[in-house]
Visitor: 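Just passing along the structure, written as structure tokens.
Naming: A, B, ... by sequence-line order, numbering from 1 per chain. The shown structure was predicted, so the numbers you read here are calculated from the model rather than taken from an experiment.
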Amino acid sequence: MSISQIIDGKRVIVKKPELLAPAGNLEKLKVAVHYGADAVFIGGQEYGLRSNADNFTLEEMAEGVQFAKKYGAKIYVTTNIYAHNENIPGLEDYLRGLERVGVHGIIVADPLIIETARRVAPKLEVHLSTQQSLTNWKAVQFWKEEGLERVVLARETSAEEIREIKEKVDIEIETFIHGAMCIAYSGRCVLSNHMTARDSNRGGCCQSCRWDYDLYKLEGDQAMALFDENDDPFAMSPKDLNLIQSIPKMIELGIDSLKIEGRMKSIHYVATVVSVYRKVIDAYCADPDNFVIRKEWLDELDKCANRDTAPAFFEGVPGYKEQMFGVHSKKTTYDFVGLVLDYDKQTGIVTLQQRNFFKPGDEVEFFGPEIENFTQVIEKIWDEEGNELDAARHPLQIVRFKVDREVFPYNMMRKGH
Amino acid sequence: MKKPELLVTPTDVAHIEQLAQAGANAVIIGEQRYGLRLAGEFSRQDIIDAMHVARKYGVRVYVAMNALFHNDKVDELSDYVRFLSEQQVDAIVFGDPAVLMTVREVAPHMKLHWNTETTATNWYACNYWGRKGAKRAVLARELNMEEIIDIKKHAEVEIEVQVHGMTCMFQSKRSLIGNYFEYQGKFMEVQQMKYAKGLFLYDKERDNKYPIFEDENGTHIMSPNDICIIDELEDMIDAEIDSFKIDGVLHEPDYITEVTKLYRRAIDLCTENREQYEEEKGELLARIEAIQPKHRPLDTGFFFKETVY
Ligand code: SF4
């Protein structure tokens, strides 16, 4: 299938990639779908990495599937641990449950789970997880012959390598475009097993790669420091992935699914990242030959970033500038302060759920899929009973105040600092 | 009683002879272009020479092709496999399915050992790769004794377990040592330091030293201690584990030879004269402790450790 066609004298992209977003809970799932994700990946109570994320029960999955259906979106469930013997009992029931509630597919690394799913829950699509660290076309060919619908490539593959894989093997390809990532080949890091007795390949990773170490060299029995007193210690913390500039190239390569990482992230993060990539993908596909990246998209992405970002392997093997030494995280520039529940067009009063402190006089920004970003200075704030407040202090408190332009449920309000 | 194979890692061709005399049954060799974290670098000519020595002593030779391959090396895999097949090596060790596909195409009778280092964690996966053509699975080091024995009970393939030496904790494609020197502005030192021997990371909180090195496959970080279970072999011998591996990566040849001798004695005693083994095993352990390099404490790996997640 060709990627683009000439329609009415203009080239347009006819093979639009799926935008795949993470969701750590039902609220995040709804936000991701509402903000434009074509598909969402979630974790269940078992068999997924991220054992400390607040994962979905089967009932919540069922509700998520129903919600997504209204938007034509799909739900995938990560079941990508490398299982130990003790994880085998219960697997069949779990997979049957996923099939029953209507999830579209599962993301899997362990052949145990691949074959069990085929046998007991054949309606589930099976996607090979990045935990398998797939780096070449011949390995992709192997998994195609095993009957998988899709593979997620290793984060270490470059644009050129993906092009060759696409040319040689006819299978859906999913790659990461945004978010935190392992600095090791996925599935090949057991630092946490050794340092904290937590199994990283079953979701117990403690991000030991983000810690500082001192580098020494043994000379006979003596250890010589390879750093001076004032040097930053040895670190291997990678900057977060950010491929916004490469989206056009990825679309032209015919990559089938573009994946955002971050099931632990807030709804503000999910909404912001999904909406920016939604705009980039839509704008490029509508008119690829006149496409330019708009500065406001880059600025928007920055509003939810809590680490510096870089393009990593897609554009070649990353060097030292794509790692972080010394200070590891940058402060976010914006706080998420409120979620719109309702808006009265007659009175111009918004009903909003507080998510962080704000008060009269603050300048805030609204954003969402139905509106262009705009700023607003907050005047009087009332509670649900109509009492005037000196500030919105309480998490999840319902408050009302005047907003000059129309806003919609699920729109978000953020505040710079 | 069935004796497990004693599998060791020579540093060069001459070392194979010493290891054979020390009681090794099999060796694993190869080059970093195709294999991961080897004790020595063996060119094609070295492999030819190694086969001569090994045949003379009746030692089996396994060749490592367990790297993670990118497209650029896929085409040359068949040439290497063909070469190994002509030399009649006893098995190829693989992790990447690209190797399995290549062997099916050009040397379908070649024996395969599945070894990804970290992902052989349950018996089903071992048997899966067995159905795809592997004759042996090399278990992840992060399993405990009970899990290992349970895998063996259900396994339709041979099971190999590492009983001694350091293990890999981490592999990155990035040049992490080189990057650190570049970050410090020491551009002149990058090439020289990147491949330097004896580098380690010091973890203050745990007072651990993790060996770190770079090669063609990226950056590797190794465990702070050497596994040693020379005095805990009974259960695995009773379970008829097929192969015990001593990994000598980053160790001196004489050390590897000595350790091989001691494990030879331990395995022989444990299978032939259990009482004598019980009596002597403490001393065998003490003899390893005596030759252990100062910076490499011994421990029992994950054999008796509880891991959570
Ligand atoms: S320690 Fe770092 S590299 Fe290793 S699994 Fe965790 S996040 Fe990935």
Visitor: Please test B:Phe302 against A:His194 for ring pair (Phe, Tyr, Trp, His ring centres under 6.0 Å), starting from the C-alpha separation and ending with a verdict.
Guide: CA-CA 9 Å; B:Phe302 288 88; A:His194 283 264; 4.9 Å; yes

Visitor: Can you tell me which portion of A:Asn85 sits under 4.5 Å from chain B's heavy atoms? Options are side chain, backbone, both or neither.
Guide: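 Interface part for A:Asn85: both.
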
Visitor: Check whether A:Met224 gets within reach of chain B through its side chain, its backbone, both or neither, counting any heavy atom under 4.5 Å.
Guide: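 Nothing of A:Met224, per the 4.5 Å heavy-atom cut-off to chain B.
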
Visitor: Can you tell me which portion of B:Lys132 sits under 4.5 Å from chain A's heavy atoms? Options are side chain, backbone, both or neither.
Guide: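 Looking at B:Lys132, just its side chain touches chain A.
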
Visitor: With a cut-off of 3.5 Å and sequence neighbours excluded, list every side-chain donor-acceptor pair involving residues 181-188 of chain A.
Guide:
{"unit_1": "A:Tyr185", "atom_1": "OH", "unit_2": "B:His70", "atom_2": "NE2", "d": "3.1"}
{"unit_1": "A:Ser186", "atom_1": "OG", "unit_2": "A:Arg155", "atom_2": "NH1", "d": "3.2"}

Visitor: So which part of A:Glu219 gets closer than 4.5 Å to some heavy atom of chain B, the side chain, the backbone, both or neither?
Guide: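 No part of it gets close to chain B.
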
Visitor: Using every non-hydrogen atom in the two residues, find where B:Leu199 and A:Leu226 come nearest and quote the distance to one decimal.
Guide: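 Looking at all heavy atoms of both residues, the shortest contact is CD2-CD1, 3.5 Å.
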
Visitor: After noting the C-alpha distance and the side-chain angles of B:Thr119 and A:Gln131, does the key distance pass the side chain to side chain contact (heavy atoms under 4.5 Å, CB included) rule?
Guide: CA-CA 10 Å; B:Thr119 70; A:Gln131 285 295 101; over 6 Å; no

Visitor: Using ring pair (Phe, Tyr, Trp, His ring centres under 6.0 Å), reason through A:Phe142 and B:Trp129 one step at a time and then give a plain yes or no.
Guide: CA-CA 12 Å; A:Phe142 173 85; B:Trp129 290 106; 5.4 Å; yes

Visitor: Just by distance, with hydrogens left out, do B:Asn179 and A:Gln323 show a side-chain donor and acceptor under 3.5 Å apart?
Guide: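 The answer is yes; a qualifying pair exists.
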
Visitor: B:Leu176, B:Leu100, B:Leu77, B:Asn127: which one forms the most heavy-atom pairs within less than 4.5 Å of chain A?
Guide: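 With the most close heavy-atom pairs to chain A, the winner is B:Leu176.
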
Visitor: Any idea which heavy atoms bring B:Arg174 and A:Glu322 closest together, and the distance?
Guide: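 Smallest heavy-atom distance, with atoms named: NH1-O, 3.5 Å.
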
Visitor: Would B:Asn122 and A:Asn87 count as having a side-chain donor-acceptor pair, cut-off 3.5 Å?
Guide: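 Absent: no donor and acceptor within the cut-off.
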
Visitor: Testing the basics here: between B:Phe181 and A:Leu215, what is the closest heavy-atom pair and its distance to 0.1 Å?
Guide: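 Result for this residue pair: CE1-CD2, 3.9 Å.
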
Visitor: Mind running side chain to side chain contact (heavy atoms under 4.5 Å, CB included) on B:Glu105 and A:Lys138 for me, showing each step along the way?
Guide: CA-CA 12 Å; B:Glu105 286 160 22; A:Lys138 201 152 189 149; 3.0 Å; yes

Visitor: Would B:Tyr128 and A:Glu146 count as having a side-chain donor-acceptor pair, cut-off 3.5 Å?
Guide: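 Present: a donor and an acceptor within the cut-off.
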
Visitor: How about residues 164-175 of chain A versus chain B: which residues have heavy atoms under 4.5 Å apart?
Guide: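 Under the 4.5 Å heavy-atom cut-off, A:Glu164, A:Ile165 qualify.
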
Visitor: Testing B:Thr307, B:Thr121, B:Ile151 for side chain to side chain contact (heavy atoms under 4.5 Å, CB included) with A:His84, which one passes?
Guide: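 Option passing the side chain to side chain contact (heavy atoms under 4.5 Å, CB included) with A:His84: B:Thr121.
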
Visitor: Grab the two heavy atoms, one from B:Phe69 and one from A:Asn136, that are nearest each other, plus how far apart they are.
Guide: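 Scanning both residues completely, I find the closest heavy atoms to be O-ND2, 2.8 Å.
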
Visitor: Sort B:Glu189 into side chain, backbone, both or neither according to what part of it lies under 4.5 angstrom from a heavy atom of chain A.
Guide: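 For B:Glu189, neither part sits under 4.5 Å from chain A.
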
Visitor: What residues, two or more places apart in sequence or in another chain, satisfy salt bridge (charged side-chain N to carboxylate O under 4.0 Å, His left out) together with A:Glu161?
Guide: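 Listed in chain order: nothing, the list is empty.
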
Visitor: Tell me whether B:Asn71 contacts the main-chain N or O of A:Trp137 through its side chain, where contact means a donor paired with an acceptor under 3.5 Å.
Guide: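 Yes; at least one donor-acceptor contact below 3.5 Å.
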
Visitor: What are the two closest non-hydrogen atoms of A:Phe227 and B:Gln184, and how far apart are they?
Guide: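 Here A:Phe227 and B:Gln184 meet closest at CB-NE2, 3.9 Å.
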
Visitor: One pair to check against side chain to side chain contact (heavy atoms under 4.5 Å, CB included): A:Val317 and B:Lys173. What are the steps and the verdict?
Guide: CA-CA 8 Å; A:Val317 178; B:Lys173 186 171 164 65; 3.9 Å; yes

Visitor: Going by heavy atoms in the side chains, are A:Lys217 and B:Phe200 under 4.5 Å from each other?
Guide: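 They are not in contact (no side-chain heavy atoms under 4.5 Å apart), so the answer is no.
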
Visitor: Is it the backbone or the side chain of B:Thr167 that comes under 4.5 Å from a heavy atom of chain A, or both, or neither?
Guide: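 When you check distances to chain A, only side chain atoms of B:Thr167 fall under 4.5 Å.
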
Visitor: Can you see which heavy atom on A:Phe234 is nearest to which on B:Ile212, and at what distance?
Guide: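 Scanning both residues completely, I find the closest heavy atoms to be CZ-CD1, 3.8 Å.
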
Visitor: By a 4.5 Å heavy-atom criterion (distance strictly below it), what part of A:Phe313 contacts chain B: side chain, backbone, both, or neither?
Guide: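 The side chain, not the backbone.
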
Visitor: Among all residues two or more places apart in sequence or in another chain, which pass the side chain to side chain donor-acceptor pair (under 3.5 Å) test with B:Tyr255?
Guide: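 By the side chain to side chain donor-acceptor pair (under 3.5 Å) rule, B:Tyr255 matches B:His164, B:Gln292.
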
Visitor: Side chain, backbone, both or neither: which part of A:Asn201 has a non-hydrogen atom closer than 4.5 Å to chain B?
Guide: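 The answer is the side chain of A:Asn201.
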
